[in-house]
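Below is one structure; the comments refer to it alone.
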Amino acid sequence: MEGAVRVQILSQMGISEVPSQYIQPPKNRPGSVTENIADLSCKHVPAVDLSSEKESVLPAIREACRDWGAFHVINHGVPTKLLDDLRRACLSFFNDFPMEDKLKYACNPNFAASEGYGSRLLVSSENETVLDWRDYFDHHTLPLSRRNPSAWPHFPPQYRELMANYSDEMKALAQRLLALMSESLGLKASCIEDAVGEFYQNITASYYPPCPRPDLTLGLQSHSDIGAITLLIQENVGGLQVLKDGEWLLVDPLPNAILVLVADQTEIITNGQYKTCVHRAVTNASKARLSIATFHDPAKTVRISPVSDLVSKSSPPLYSSVLYRDYLSSWYSNVPEGKRNLDKLLLDTSK
């Protein structure tokens with residue numbers, strides 16, 4: 001059982017100040033942010049309609065992946081009822097059941113990213129970082145050999161069935177999106193997925209309770225995702241921010257949309273043509289927030305490098321190849337601030 005105090009308990013205590021371990025250093029605090037990007041249409045995270053003709057979808061994806069590393073997809077084919085039912089089930093787990101029941105599913109604190117209910121994803125006795133203002137439940141969903149629904153909550157009813165169905169839908173959507181991303185670069189449709197190999201998929205439901213000092217805390221520290229592609233849904237309370245041209249922009253929830261985040265291995269595979277998305281979550285003082293992120297990673301034994309079709313004398317490789325196991329180890333043993341782990345692989349192309 002993980003020994004950390006759940007953030008939800010701290011929030012429910014009605015404290016007026018947050019404990020010191022949650023206070024971010026001044027350079028990382030949210031400060032002034034763009035609260036309403038609806039007034040800044042040029043800074044909207046793009047939305048791509050997957051029901052449109054491919055001739056319009058491919059350039060839209062290419063522009064979004066090059067300029068943002070993030071885009072919403074609409075008309076994506078995932079049933080709206082499934083999205084709504086899963087959000088309700090996850091909120092119910094966090095809000096409607098006694099802590100003693102939830103703690104039966106607590107993470108093992110001795111292993112990084114262990115499956116279950118936790119609060120301290122990146123902290124160990126050797127790596128004492130500032131804590132995120134967040135509780136979460138991490139599910140190991142793919143390959144099927146990793147999927148063990150008995151490790152997931154048995155409450156509320158249908159939780160396990162909903163999570164399994166959602167996992168399958170997200171796998172299919174991730175495959176479809178990677179194919180479109182490949183084609184948008186003039187590659188064969190299977191190129192990026194072939195480089196990634198069989199998906200290792202995790203689904204993390206994150207719960208961000210109200211925080212008495214949003215100006216001092218982060219729900220999730222600045223980072224880029226380590227795998228190939230992340231698919232995320234929010235509910236109606238915003239808090240996700242993406243870094244664009246040095247500015248943190250709030251990603252307003254788009255009803256029934258799924259947010260796509262390009263992750264580190266895809267930047268390597270595309271030789272830097274497509275950019276990983278640096279993002280974080282901010283807190284607020286009045287409303288709890290839920291997000292559900294689905295991560296699609298390579299197996300630990302896969303070696304990732306720029307695909308040969310995107311490398312030439314005029315376009316040399318920008319990144320050294322890396323065994324995904326080693327990349328994963330580096331990410332969890334270092335504070336994953338921004339893109340620092342990806343930047344370690346940059347090659348000197350000036351010679």
Side-chain angles (χ1 to χ4, degrees), residues 37-38 41-87 141-142 162-196 198-199 201-204 225 227-236 238 240 242 244 249 251-263 265-267 269-270 273-277 279 291-297 307:
I37 62 173
S41 58
C42 64
K43 293 183 179 179
H44 261 309
V45 174
V48 177
D49 186 344
L50 293 186
S51 69
S52 299
E53 295 294 326
K54 188 177 286 188
E55 290 74 16
S56 63
V57 170
L58 294 182
I61 286 179
R62 181 166 59 246
E63 182 177 357
C65 290
R66 284 179 170 169
D67 295 347
W68 286 83
F71 56 98
H72 287 112
V73 287
I74 59 175
N75 295 319
H76 40 68
V78 180
T80 299
K81 185 177 187 304
L82 176 60
L83 301 180
D84 291 340
D85 287 349
L86 184 68
R87 280 186 286 243
T141 45
L142 291 174
L162 288 168
M163 190 60 66
N165 291 341
Y166 186 73
S167 164
D168 296 339
E169 291 281 355
M170 290 299 101
K171 176 187 177 183
L173 181 58
Q175 290 173 316
R176 181 182 178 190
L177 288 166
L178 289 183
L180 290 169
M181 290 163 66
S182 295
E183 290 182 278
S184 71
L185 286 169
L187 305 169
K188 66 178 182 179
S190 65
C191 184
I192 297 177
E193 187 180 348
D194 287 345
V196 173
E198 182 179 27
F199 286 149
Q201 183 197 70
N202 280 31
I203 299 178
T204 303
D225 290 340
I229 188 172
T230 302
L231 305 177
L232 182 140
I233 59 174
Q234 305 186 76
E235 29 129 32
N236 59 1
L240 178 70
V242 296
K244 169 69 170 159
L249 299 176
V251 182
D252 288 333
L254 189 62
N256 302 323
I258 294 172
L259 184 70
V260 181
L261 299 175
V262 176
Q265 307 314 305
T266 295
E267 180 165 334
I269 291 166
T270 63
Q273 292 203 38
Y274 286 174
K275 304 299 184 184
T276 189
C277 179
H279 54 286
S291 69
I292 303 172
T294 307
F295 305 97
H296 298 88
D297 301 351
V307 296

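The figures that follow rest on heavy atoms only: side chains count, while hydrogens, waters and symmetry mates do not.
- Every residue two or more places apart in sequence or in another chain that forms a side chain to side chain contact (heavy atoms under 4.5 Å, CB included) with A174 is listed here: F199, I229, L231, H296.
- For A257, the side chain to side chain contact (heavy atoms under 4.5 Å, CB included) criterion is met by H72, I74, L254, not counting sequence neighbours.
- A pairwise comparison of heavy atoms in N75 and S51 identifies ND2-OG, 3.4 Å as the closest pair.
- Here D168 pairs with R147 under the side chain to side chain contact (heavy atoms under 4.5 Å, CB included) rule; sequence neighbours left out.
- Exactly one residue among R176, K54, R62, K188 makes a salt bridge (Lys or Arg N to Asp or Glu O under 4.0 Å) with E183. That residue is K54.
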| message | Applying side-chain contact (heavy atoms from CB on, under 4.5 Å) to M181 and V262, what does each step give before you reach the verdict? | response | CA-CA 10 Å; M181 290 163 66; V262 176; 4.1 Å; yes
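- For the atom pair CG of L86 and CG of N165, the computed distance is 9.5 Å after rounding to the nearest 0.5 Å.
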| query | Does the side-chain contact (heavy atoms from CB on, under 4.5 Å) test come out yes or no for M170 and T141, once each step is laid out? | reply | CA-CA 11 Å; M170 290 299 101; T141 45; over 6 Å; no
| task | Any chance you could lay out the side-chain contact (heavy atoms from CB on, under 4.5 Å) test for L177 and L50, step after step, and finish with the verdict? | result | CA-CA 9 Å; L177 288 166; L50 293 186; 4.2 Å; yes
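- Here I233 contributes atom CD1 and I292 contributes atom CD1; the two are 4.0 Å apart, rounded to the nearest 0.5 Å.
- Residues I192 and S182 have side chains in contact (heavy-atom distance under 4.5 Å, counting atoms from C-beta outward).
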| What do the steps show when you test L240 against L259 for side-chain contact (heavy atoms from CB on, under 4.5 Å), and what is the final call? | CA-CA 11 Å; L240 178 70; L259 184 70; 3.3 Å; yes
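- Defined by atom type and a distance below 3.5 Å, a donor-acceptor pair is missing between the side-chain atoms of T276 and E267.
- Here Q234 contributes atom CD and D252 contributes atom CG; the two are 8.5 Å apart, rounded to the nearest 0.5 Å.
- Between Q201 and T294 the shortest side-chain heavy-atom distance falls below 4.5 Å.
- In this structure, CD1 on I269 lies 10.5 Å from CG on L187, to the nearest 0.5 angstrom.
- When all heavy atoms of C277 and G69 are compared, the pair lying nearest together is CB-O, 3.2 Å.
- To the nearest 0.5 Å, atoms CG (L232) and CZ (F295) are separated by 7.5 Å.
- For D67, the side chain to side chain contact (heavy atoms under 4.5 Å, CB included) criterion is met by E63, K244, not counting sequence neighbours.
- The side chain to side chain donor-acceptor pair (under 3.5 Å) check on Q175 picks up E193, with sequence neighbours excluded.
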Quick one: side chains of residues 76-85, donor-acceptor pairs under 3.5 Å with protein atoms, not counting sequence neighbours, listed by atom name and distance.
from, atom 1, to, atom 2, distance (Å)
H76, ND1, V78, N, 3.1
H76, NE2, N256, O, 2.7
K81, NZ, D85, OD2, 2.6
D84, OD1, R87, NH2, 2.8
D85, OD1, R88, NH2, 2.5

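- Residues H279 and D225 are in side-chain contact: their nearest non-hydrogen atoms beyond the backbone lie under 4.5 Å apart.
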